[in-house]
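Working notes, beginning with the structure itself.
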Amino acid sequence: MLSYIIISILPAAWLIAAINDLGELKIPNWIPVTLVLMFPVMAATFGYSFEMLSSSLLLAIGALVVGFAIYATGQFGAGDVKLLAATALWVGPAAFPMFLFKVILASGIFAFAIIMFRSTPMLPVYAHAPWLMELHGSRRAMPYGVGIALGGFWSLHEAMAFTAVFG
């Protein structure tokens with residue numbers, strides 16, 4: 001039972017991050033911090049070896065470094081970078097390339113949908129949903145947390161944490 005509770009932390013974090021990013025165009029710091037702090041608990045619960053721990057940690061550090069280099073160019077938000085790096089811990093090196101591919105694909109499709117949405121005139125009904133007005137009016141910001149979550153859910157079955165539980 002405990003293993004199912006622990007394993008639900010990752011998809012819950014993705015869901016909360018996606019909703020928050022869509023509504024406020026930012027991902028709160030407590031989400032990636034929670035993933036990082038719960039990683040040792042998850043790893044101990046599922047009996048990760050030192051090699052599995054160290055390779056996941058190196059992957060997360062690499063994702064953070066590359067992500068902040070992309071952030072410096074203005075193409076990615078800091079919250080997106082932190083969420084992606086924290087997720088790398090849970091996904092693991094073997095599944096990360098396919099996870100990243102699915103995140104890029106999902107983000108591209110979602111970004112296209114947002115661009116199409118922003119190209120339409122703002123409707124009066126958006127006044128009832130301030131987050132829609134902000135999403136429509138923000139020409140620069142893109143909620144990549146949604147793409148990370150979509151790609152994550154798409155590749156969840158390949159993540160190292162999930163293969164430890166479900167085989």
Side-chain angles (χ1 to χ4, degrees), residues 6-44 48-115 117-118 131 134-156 158-164:
I6 290 173
I7 211 66
S8 68
I9 293 169
L10 182 60
W14 285 336
L15 183 61
I16 294 167
I19 291 169
N20 217 50
D21 203 15
L22 192 59
E24 300 178 21
L25 295 174
K26 61 181 153 183
I27 298 172
N29 285 332
W30 66 264
I31 296 172
V33 167
T34 300
L35 288 175
V36 170
L37 292 177
M38 291 305 296
F39 176 72
V41 174
M42 185 270 301
Y48 276 32
S49 66
F50 178 75
E51 181 183 299
M52 293 166 74
L53 284 170
S54 59
S55 62
S56 291
L57 185 59
L58 287 173
L59 175 66
I61 291 169
L64 194 62
V65 168
V66 170
F68 274 117
I70 296 170
Y71 166 75
T73 67
Q75 301 300 313
F76 217 47
D80 304 318
V81 170
K82 291 180 274 188
L83 179 63
L84 199 58
T87 297
L89 282 171
W90 289 67
V91 171
F96 192 74
M98 186 54 72
F99 162 76
L100 193 58
F101 172 75
K102 290 177 180 178
V103 165
I104 291 168
L105 191 59
S107 295
I109 293 168
F110 185 71
F112 180 74
I114 293 293
I115 290 168
F117 170 68
R118 289 177 178 166
W131 67 273
E134 184 172 340
L135 185 63
H136 190 280
S138 178
R139 296 289 179 204
R140 222 36 216 139
M142 188 64 68
Y144 287 116
V146 176
I148 294 169
L150 291 172
F153 283 118
W154 187 8
S155 61
L156 194 58
E158 299 165 341
M160 186 167 58
F162 278 76
T163 57

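Note that this is a predicted model, so its numbers are computed, not measured.
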Using side chain to side chain contact (heavy atoms under 4.5 Å, CB included) as the criterion, list what pairs up with [X], not counting sequence neighbours.
{"X": "Leu22", "value": "Phe110, Trp131, Leu135, Pro143, Val146"}
{"X": "Val36", "value": "Ala86, Leu89"}
{"X": "Ile31", "value": "Ala13, Ile16, Ala17, Ile27, Pro28, Leu83"}
{"X": "Ile109", "value": "Leu105"}

Strictly by side-chain hydrogen bond (donor to acceptor under 3.5 Å, both in side chains), give each pair with a member in [range] just once, sequence neighbours left out.
{"range": "residues 62-73", "answer": "none"}
{"range": "residues 75-85", "answer": "Asn29-Lys82"}
{"range": "residues 6-27", "answer": "Trp14-Thr87"}

List the atom pairs, donor and acceptor, that lie under 3.5 Å between side-chain atoms in residues 52-69 and the rest of the protein, sequence neighbours left out.
unit_1 : atom_1 : unit_2 : atom_2 : d
Ser54  : OG     : Phe50  : O      : 3.0
Ser54  : OG     : Glu51  : O      : 3.2
Ser55  : OG     : Glu51  : O      : 2.9
Ser55  : OG     : Met52  : O      : 3.1
Ser56  : OG     : Met52  : O      : 3.0

With the side chain counted from C-beta on, respond yes when [X] and [Y] share a heavy-atom pair under 4.5 Å apart, and no when they do not.
{"X": "Leu35", "Y": "Leu10", "value": "yes"}
{"X": "Phe99", "Y": "Leu84", "value": "yes"}
{"X": "Phe39", "Y": "Tyr48", "value": "yes"}

(message) Can you give me the closest heavy-atom contact between Pro97 and Ala94, atom names plus distance?
(response)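 Where Pro97 meets Ala94 most closely, the heavy atoms are CD-O, 3.7 Å.
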(request) Determine the minimum heavy-atom distance between Gly152 and Val103, stating which atoms define it. (result)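 Closest approach of Gly152 to Val103: N-CG2, 4.2 Å.
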(message) Show me the pairs that pass salt bridge (Lys or Arg N to Asp or Glu O under 4.0 Å) and involve residues 93-115, at least two apart or across chains.
(response) Lys102-Glu158
(request) Could you give me the CA-CA distance, side-chain angles and deciding distance for Val41 and Ile6, then say whether side-chain contact (heavy atoms from CB on, under 4.5 Å) is met? (result) CA-CA 8 Å; Val41 174; Ile6 290 173; 4.0 Å; yes
(request) Tell me, please, which residues at least two apart from Glu134 pass salt bridge (charged side-chain N to carboxylate O under 4.0 Å, His left out). (result) none
(request) Just jot down the side chain to side chain donor-acceptor pair (under 3.5 Å) partners of Trp90, sequence neighbours excluded, or say none. (result)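 Here no residue qualifies.
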(message) So, taking the atom named CD1 in Ile9 and the one named CE in Met42, what distance separates them when rounded to the nearest 0.5 Å?
(response) 9.0 Å
